[in-house]
Structures are given as C-alpha cells and as structure tokens.
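Below you'll find the structure, written out as structure tokens, and then a few comments.
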Amino acid sequence: MSPDQEPTPAADRPPGSAGRPLRAHARRNRENLVAAARAAFTAADDTVPLEGIARDAGVGIGTLYRHFPTREALVEAVYAAELDDVTDSAPALLKDLPPEQALRAWLERYAAFVATKRAMLNTLHSGWASGRLATPATRERITAAIGALLAEGVRAGSLRGDVEPDDVTAMLLGVFLSTAADDGPERTGRLLDLVVDALRPPGS
C-alpha cells in the first residue's frame, strides 16, 4: 500500500466521506509534511522535533507517523525531494534564461539544497551506513545537470568547452565545504560568481 492509500484518521477525513480516505487528501498531507520538514531542516541548528513539523504541516503527529514511521524515513523523503528539485530545475532555467545566467541561478538552487542537506547530515549518514536508507547517486545527478548547463553554454558561445562537468562539481564542493562553518550566504554568492567567471571563455 502506498502512502497515498494509507487509511486517513477520522480528524483528516472530510465530512460525508463515510470513512473512505481521499487519496488526494492523503497526498496533500504528505506533501505538506515534506514541505514543513524541508523548511525546518533548513532553519535548524540541531535536531528538529517531529511534533513541530507535524504542527507546521497542519496535521497530527499520528498522521506524520503514518506517512513516515521513522525520522530516517522523513529525512530520506526530504532529501529525495530536494535532489529532484535541484536536478530538475536545470532544464527549466535553460528555457527562461541564457545559459550562463541559467547556470548562475542553478548554482543558487544547488546552494539551497546543500544548506538543507547539512541539517540532515547526521541522520543521512547513519541511515546510509546502516543500510536503512539507500545511498543516492547524488554526485552523478548533480554532475549531469551541470553538464547540461555547460553544453548549452558551449553552443551559445558563452561558456567554455574545455571543462569537465565533474571538475565543476569538485569546485562547488570546495566552495560549500569552505563556507560550511561560519560564512554567510554573501561569501558563498561571491565564490559562486567566481566559479561562473572561471567557466566563461577567455576574453569574454
């Protein structure tokens, strides 16, 4: 049975439903929980109480546990949603912006993903180490998105054609590691600007 088909508690059933759960309602509860958890994990400096996430999502703690029986399950869902968003955003940005601007906007989205991931790192690492959580192919997916952005920039003549996407991924990891402790978003932004400058053709 999928999360969308889980029995909905009486408090979550609309009047007149005669006890029948609405899949759309259950799906909306799950989406609200993931959104609340994403916001909480991004803002938190330490462990986030699950009760607070349920309250922010507008549901009871029982509904949270029906969708996510453990903290690890909730963290994995948030991580997967964030990873999907950051990798899927590259094609959308390329539709609306010139490639070099799309790349810079995507780097901001990637930075937001990294900020959320930091708050979940202990849970993710313990889950991956124990095998409770699947180890995601994060670097491969991030590098593929970078490759798509670079390829469009090369076609447009605004980005270098002699750069390996994985080398850009390595540069970005260096940026985020170096700003992980006390640096604010301003310094991260300046470093991301330097990354984009390094990817422009000489003399441009």
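In this structure, CZ on R28 lies 12.0 Å from CG on L33, to the nearest 0.5 angstrom. Atoms CD and OG1, from E186 and T179 in turn, are 11.5 Å apart once rounded to the nearest 0.5 Å. The distance from atom CG of N32 to atom CD1 of I53, rounded to the nearest 0.5 Å, is 13.0 Å. In this structure, CG in L192 is found 6.5 Å from CG in L172, a value given to the nearest 0.5 Å.
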**Message:** salt bridge (charged side-chain N to carboxylate O under 4.0 Å, His left out), that's the test. Do D193 and R190 meet it? Break it down for me.
**Reply:** CA-CA 5 Å; D193 287 340; R190 292 197 304 272; over 6 Å; no
**K95/E152 under salt bridge (charged side-chain N to carboxylate O under 4.0 Å, His left out): CA gap, chis, key distance, verdict** = CA-CA 11 Å; K95 288 181 180 178; E152 288 298 319; over 6 Å; no
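Note on ring orientation: taking the six-membered ring where Trp is involved, the planes of F176 and Y110 are perpendicular (angle over 60°, cut-offs 30° and 60°).
Shortest non-hydrogen contact noted between G189 and R104 is O-NH2, 3.1 Å. Contact record, R30 with A77: NH2-CB, 4.0 Å, taken as the closest heavy-atom pair. When every heavy atom of I142 is checked against every heavy atom of L83, the shortest pair comes out as CD1-CD1, 4.2 Å. When all heavy atoms are compared, the tightest approach of S158 to P99 is OG-CB, 4.1 Å. Between L199 and V163, the shortest heavy-atom distance links the atoms CD2-CG1, 3.8 Å. Counting all heavy atoms, side chain and backbone alike, R38 lies closest to A81 at NH1-CB, 3.8 Å.
A donor-acceptor contact shorter than 3.5 Å is absent between the side chain of R55 and the backbone of G60. Checking side-chain atoms of T143 against main-chain N and O of E140 turns up no donor-acceptor pair under 3.5 Å. Under a 3.5 Å cut-off, the side chain of W106 and the backbone N or O of T87 do not form any donor-acceptor pair. Side-chain atoms of R160 come within 3.5 Å of backbone N or O of A198 as a donor-acceptor pair.
Hydrophobic clustering, with ILVMFWY side chains joined whenever heavy atoms are under 4.5 angstrom apart, groups V196 together with V86.
T138 and Y79 share a donor-acceptor pair across their side chains, judged by distance under 3.5 Å alone.
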